[in-house]
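A quick write-up on the structure given underneath.
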Amino acid sequence: MGERLHWQTDAQIIGGFRFRNLEHSMANLYRRHKFGVAGDDQLRTYFETYAVRWVIVTSNATWWNTKPDLIVPAGKIGHHRIFRTTIEPHLIQQGGGKVVAAPNRISVTGSDPNIDLVLRFHWMEYLVCEPGCEIRREKIDDLDHVGFIRVPAPHPADLEIVNGYGEARR
């Protein structure tokens with residue numbers, strides 16, 4: 001379901017195939033915790049870390065129904081249950097501004113040029129920061145070794161992170 005939603009909507013999706021052999025798969029909740037999460041604090045931390053607004057559940061797991069402080073039912077489509085998280089997700093972890101994501105492009109406007117900008121999007125070695133800025137890998141936790149995107153200060157207030165398709169290796 002995760003792959004299909006991404007393909008059809010270009011939304012930022014965490015999930016899909018649980019055991020895909022990619023480092024990026026460690027952002028999948030079920031890859032981290034086979035049967036969900038032990039406690040509400042872990043689930044809240046997960047939602048906040050990855051800025052999760054919506055959860056779509058295709059399993060019959062009933063523990064999702066026991067988390068009213070973290071998720072509320074928002075609908076059902078076929079056998080898929082949809083929940084909205086109760087957190088206020090922020091795709092910018094640090095540095096302020098507004099972010100808009102599209103395929104192969106993350107646009108940031110109105111950030112503070114004097115503070116390192118940290119975006120809650122997975123880092124990739126081919127990413128390029130424009131105009132004339134640099135990106136680095138920002139550690140997430142001990143399970144997700146990919147990391148997020150850090151743009152060290154000083155940087156432009158308005159910038160774009162684009163897929164350079166191999167430019168980083170040149």
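In this chain, numbering begins with 1 at the start of the sequence shown. It should be emphasised that the depicted structure is a prediction, and the values quoted were computed from it without experimental measurement.
No donor-acceptor distance shorter than 3.5 angstrom exists from the side chain of Ser111 to the backbone of Gly95, with no hydrogens or angles considered. Arg137 places a side-chain N or O within 3.5 Å of a backbone atom of His145 that can act as its donor or acceptor partner.
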>> Evaluate Asp158 against Val108 for side chain to side chain contact (heavy atoms under 4.5 Å, CB included), listing each step before the verdict.
In response: CA-CA 5 Å; Asp158 302 336; Val108 178; over 6 Å; no

>> Evaluate Trp54 against Thr85 for side chain to side chain contact (heavy atoms under 4.5 Å, CB included), listing each step before the verdict.
In response: CA-CA 6 Å; Trp54 299 97; Thr85 65; over 6 Å; no

>> Please evaluate residues Leu159 and Glu130 with respect to the criterion side chain to side chain contact (heavy atoms under 4.5 Å, CB included), reporting the C-alpha separation (whole Å), side-chain torsions for both, the decisive distance (0.1 Å), and the verdict.
In response: CA-CA 6 Å; Leu159 57 89; Glu130 300 173 343; over 6 Å; no

> Hey, mind stepping through Val128 and Ile161 against side chain to side chain contact (heavy atoms under 4.5 Å, CB included) and telling me if it holds?
Replying inline: CA-CA 6 Å; Val128 177; Ile161 307 292; over 6 Å; no

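Rounding to the nearest 0.5 Å places CD1 of Ile140 at 8.0 Å from OG1 of Thr49. If you take NE2 on His155 and CG on Asn114, they are separated by 8.0 Å, rounding to the nearest 0.5 Å. The CG atom of Asn163 sits 9.0 Å away from atom OH of Tyr126, with the distance rounded to the nearest 0.5 Å. Between Arg120 atom CZ and Gln93 atom CD the span is 4.5 Å, to the nearest 0.5 Å. Atom CD of residue Glu138 and atom CG of residue Asp116 lie 8.0 Å apart, to the nearest 0.5 angstrom. Summarising the geometry, atom CG belonging to Leu91 is positioned 9.0 Å from atom CD1 belonging to Ile106; distances are rounded to the nearest 0.5 Å.
In this structure, Glu48 and His90 have side chains that are not in contact, with every pair of non-hydrogen atoms separated by 4.5 Å or more. Val72 places none of its side-chain heavy atoms less than 4.5 Å from the side chain of Phe83. Side-chain contact between Leu127 and Ile149: present, with at least one pair of heavy atoms (C-beta onward) separated by less than 4.5 Å. At least one side-chain heavy atom of Leu117 sits under 4.5 Å from a side-chain heavy atom of Ile92. Leu70 is listed as a side-chain neighbour of Asp40, based on a closest heavy-atom distance under 4.5 Å. Annotation: side chain of Pro103 is not in contact with side chain of Arg105 (no heavy-atom distance under 4.5 Å).
Across all their heavy atoms, Thr86 and Asp69 have their closest contact at OG1-O, 2.6 Å. Pairing each heavy atom of Arg53 with each of Pro89, the nearest pair is NH2-CD, 3.2 Å. Taking each heavy atom of Arg84 and Ala74 in turn, the nearest pair found is N-CB, 4.2 Å. Closest of all the heavy-atom pairs between Pro113 and Ala153 is O-CB, 3.4 Å.
By the salt bridge (charged side-chain N to carboxylate O under 4.0 Å, His left out) test, Arg44 is found to be paired with no residue, residues two or more places apart in sequence or in another chain being considered. For Phe47, there are no ring-ring contact (aromatic ring centres under 6.0 Å, His included) partners, not counting sequence neighbours.
Under the 4.5 Å side-chain contact rule for hydrophobic residues, Ile115 and Phe148 do not share a cluster.
Contacts classified as disulfide bond (SG atoms under 2.5 Å apart) and involving residues 93-165 (residues at least two apart or in different chains) are given here: Cys129-Cys133.
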